[in-house]
Protein chains: 2
Amino acid sequence: MSGTELLENLADGPCVVACPVRRALDILDGKWTLLVVRDLLSGKKRYSELQRSLEGISPRILAQRLRDLEAQGLVLRRVFPTNPPTTEYELTEQGLAMRGIIGALAEFGATMV
Amino acid sequence: MSGTELLENLADGPCVVACPVRRALDILDGKWTLLVVRDLLSGKKRYSELQRSLEGISPRILAQRLRDLEAQGLVLRRVFPTNPPTTEYELTEQGLAMRGIIGALAEFGATMV
DNA sequence: AGCGAGCGCTATATAAAGTGAAGTAGTTAC
DNA sequence: GTAACTACTTCACTTTATATAGCGCTCGCT
């Protein structure tokens, strides 16, 4: 089902039962979640790269969001036994499905000057 | 600029300066904001209709979100001097631009079973 | 006349989420 | 030796959301 078709179904009334929009928002809850996803859309990133890019995020929240996304199967985490040890985060196939959301947000944000 | 083009620009690196995704998320911040928008996409709604549809929302938050959306120019609020007085909320032209976001969320939420 | 229901909220108290500064443990470059 | 990099954790604090109660009004019912 496409986004447009889903929208037409939504138009019939309130989502009484589990609505796909609500499910998406439950998964993507949290102030920084979609910004982490945005950064990962351009390829795998290390913890410190994300921290630098997401100006203002606290390390606690970044770690929490990455763990949550990993638990959802949206992000893959890989630790390398280098020196100092580095960790890489990468979107899974399923995680890449969020491209459309980020695109739509970017489009909307661009119109809101 | 389309969503895809914006995505390609994002791919170059972190959004150091005001990123459209970040701007969108700032505006749409809050757990219930996008669910309110989802409901309003199918036409104008009254306060009590929204409250019934958004099972679990507290009246305080609903009022706050509607006020915020109105302040952003995304929602139009109209009070009728009927008995009892009714209030109608409706998406503005600018508010309708969020259709793409809700569509993308619905599409993603549908894949996350 | 009195009762409860519906309208669109607001008030107050409490729980959850996020912030900011600091700390941890190991390694390496100056 | 000391400062920095790595990926985080801990703690005290603020911000945000929830739960519950209530307001002033009018309507229909009895």
Side-chain angles (χ1 to χ4, degrees), chain A residues 14 19 21-40 43-72 74-91, chain B residues 14 19 21-40 43-72 74-91:
Chain A
C19 156
V21 179
R22 192 156 190 168
R23 189 158 50 243
L25 290 173
D26 278 349
I27 292 165
L28 302 174
D29 194 32
K31 188 173 166 180
W32 294 95
T33 311
L34 280 165
L35 291 171
V36 171
V37 172
R38 175 204 65 186
D39 276 16
L40 289 177
K44 52 187 154 198
K45 293 265 153 39
R46 287 190 289 172
Y47 182 90
S48 52
E49 287 183 277
L50 291 169
Q51 195 171 5
R52 264 190 298 274
S53 167
L54 300 167
E55 213 179 332
I57 197 172
S58 76
R60 171 178 163 2
I61 296 298
L62 178 53
Q64 208 169 92
R65 289 295 147 258
L66 287 167
R67 258 183 277 127
D68 288 355
L69 286 169
E70 192 193 3
Q72 294 286 348
L74 297 169
V75 159
L76 188 74
R77 169 199 156 114
R78 253 177 302 170
V79 186
F80 296 95
T82 54
N83 253 322
T86 54
T87 321
E88 264 183 11
Y89 296 93
E90 189 178 0
L91 287 178
Chain B
C19 157
V21 179
R22 193 155 190 170
R23 189 158 52 242
L25 289 173
D26 278 349
I27 291 164
L28 302 174
D29 195 31
K31 186 173 167 181
W32 295 95
T33 312
L34 280 166
L35 291 171
V36 171
V37 171
R38 174 204 65 187
D39 277 15
L40 290 178
K44 50 186 155 199
K45 294 266 151 43
R46 288 192 288 174
Y47 182 90
S48 51
E49 286 183 277
L50 291 169
Q51 195 171 6
R52 264 189 299 274
S53 167
L54 300 167
E55 213 178 331
I57 197 172
S58 76
R60 172 170 144 51
I61 295 299
L62 178 53
Q64 207 169 93
R65 288 297 146 258
L66 286 167
R67 258 183 278 127
D68 288 355
L69 286 168
E70 193 194 2
Q72 293 287 346
L74 297 170
V75 159
L76 188 73
R77 168 199 158 113
R78 252 178 301 168
V79 186
F80 296 95
T82 54
N83 253 321
T86 54
T87 319
E88 264 182 13
Y89 295 93
E90 190 179 0
L91 288 177

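Everything numeric in this text was worked out from a predicted model, so none of it was measured. Here is the naming used below: chain letters follow the sequence lines, and residue numbers restart at 1 for every chain.
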B:P59 backbone acceptor or donor facing B:Y47 side chain under 3.5 Å: yes
Sugar-phosphate only, base, or nothing, as touched by A:P85 at under 4.0 Å among non-hydrogen atoms: sugar-phosphate
Side-chain N or O of A:S48 closer than 4.0 Å to phosphate OP1/OP2 of D:dT6: yes
Residue-phosphate contact under 4.0 Å: A:T87 side-chain N/O, D:dC8 OP1/OP2: yes
Rounded interatomic separation in angstrom, taking CD from A:E70 and P from D:dA7: 15 Å
Sugar-phosphate, base or nothing in reach of B:R60, heavy atoms under 4.0 Å: base
B:Q51 CD to C:dC7 P, straight-line distance once rounded to whole Å: 9 Å
B:T87/B:R77 under side-chain contact (heavy atoms from CB on, under 4.5 Å): CA gap, chis, key distance, verdict: CA-CA 7 Å; B:T87 319; B:R77 168 199 158 113; 3.9 Å; yes
Sugar-phosphate, base or nothing in reach of B:S58, heavy atoms under 4.0 Å: base
Rounded interatomic separation in angstrom, taking CG from B:L62 and C1' from D:dT18: 14 Å
Euclidean distance, atom CZ of residue A:F80 to atom P of D:dT6 [Å, nearest integer]: 15 Å
Rounded distance (Å) that lies between atom P of D:dT18 and atom CD of B:E55: 13 Å
Closest listed nucleotide, where the reference is the side chain of A:W32 and the choices are C:dC9, D:dC8, C:dG18: C:dG18
Between C:dC9 (P) and B:I57 (CD1): distance, integer Å: 13 Å
